[in-house]
Structures are given as structure tokens and as C-alpha cells.
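The basis for the numbers below is simple: all heavy atoms, side chains too, and nothing from hydrogens, waters or symmetry mates. Nothing fancy with the numbering, it's 1 onward along the sequence.
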Amino acid sequence: MVRSARRESIGSKAEAAMNALGINAFRALVLRALFQNPEGMLSGQVAEMVGGGVMTTWRHLVELEKQGLVEALADENEPNRQGQRVVYRLNRQACDEAIKAWVDFLGGR
């Protein structure tokens with residue numbers, strides 16, 4: 001079941017930290033929505049939860065998929081990903097590895 005479809009917001013401290021590090025706040029909200037819904041979500045559900053447009057959200061999901069942070073799973077009735085029934089899921093392992101790599105970099109490793 002998808003968690004509450006409400007507009008998400010970023011706290012001022014978190015947003016300030018993201019701005020300082022050059023992190024795209026909208027993508028952070030998309031990743032957060034997927035993290036909170038491990039079974040996956042359709043792009044429209046993500047858009048509704050983060051308060052963004054469907055096409056904007058979809059473009060970010062596609063870019064996050066290219067980066068390996070998000071997995072796209074086609075509906076079993078549409079194996080070629082045609083149409084709008086693509087479920088997006090967070091690739092938790094890839095996210096954990098990216099965060100670890102960043103922390104290692106900051107630590108000089």
C-alpha cells in the first residue's frame with residue numbers, strides 16, 4: 001500500500017544542507033517517497049506525494065534510473081514498458097553504496 005499521498009516538504013535545516021551540498025531537493029523528495037514505499041509506486045503516485053507535475057517527476061525518475069538509484073518494473077501485461085504502468089522502486093543497495101562512497105570521500109578514503 002502506498003503511503004499517504006500528500007505533498008511532502010523538506011525541513012528548513014535539511015533543505016539548507018542540500019542546498020549547501022548541491023543536492024536537488026526535488027530528487028531528494030522523489031527518493032524519500034520511494035524509500036517510504038518499498039513496494040514501489042507509479043510515477044503519478046510519486047508526483048502526487050511530492051507535489052510535482054507528472055512529467056517533471058517522470059523525468060527525474062528516468063534520470064535516477066539511469067544512475068542506478070531507482071529500478072523500473074513494467075506491468076506484467078506490458079513487458080516493454082509501453083504505457084503508464086511502470087512501477088518505480090528504490091534500489092536501496094545502490095543508494096547505500098552511493099552514500100557510503102560520499103562519506104568515504106569526505107573522510108579521505
Should [X] and [Y] count as side-chain neighbours, where that means a heavy-atom distance under 4.5 Å?
| X | Y | result |
| --- | --- | --- |
| Asn91 | Val70 | no |
| Val86 | Leu73 | no |
| Glu97 | Arg92 | no |
| Tyr88 | Glu71 | no |
| Leu34 | Arg89 | no |
| Arg59 | Thr57 | no |
| Glu63 | His60 | no |

TODO: Work out which heavy atom in Ala33 is nearest to a heavy atom in Val50; give both atom names and the distance.
DONE: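 In terms of heavy atoms, the two residues are closest at CB-CG1, 4.1 Å.
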Open item on the list: For Leu42, is there any backbone N or O sitting under 3.5 Å from a side-chain donor or acceptor partner on Gln45?
Closed with: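 Yes, Gln45 side chain to Leu42 backbone: donor-acceptor pair under 3.5 Å.
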- [ ] Output yes when a side-chain donor or acceptor of Asn37 lies under 3.5 Å from a complementary backbone atom of Gly40, and no otherwise.
- [x]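 Absent.
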Open item on the list: side-chain contact (heavy atoms from CB on, under 4.5 Å), that's the test. Do Val87 and Met41 meet it? Break it down for me.
Closed with: CA-CA 5 Å; Val87 174; Met41 303 172 75; 5.9 Å; no
TODO: With rounding to the nearest 0.5 Å, note down the distance linking CG in Leu61 to CG in Leu69.
DONE: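 The CG atom of Leu69 is 11.5 Å from CG of Leu61, to the nearest 0.5 Å.
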Task: Straight-line distance of Leu90 CG to Gln36 CD, nearest 0.5 Å - done: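 Rounded to the nearest 0.5 Å, the CG-CD separation comes to 11.0 Å.
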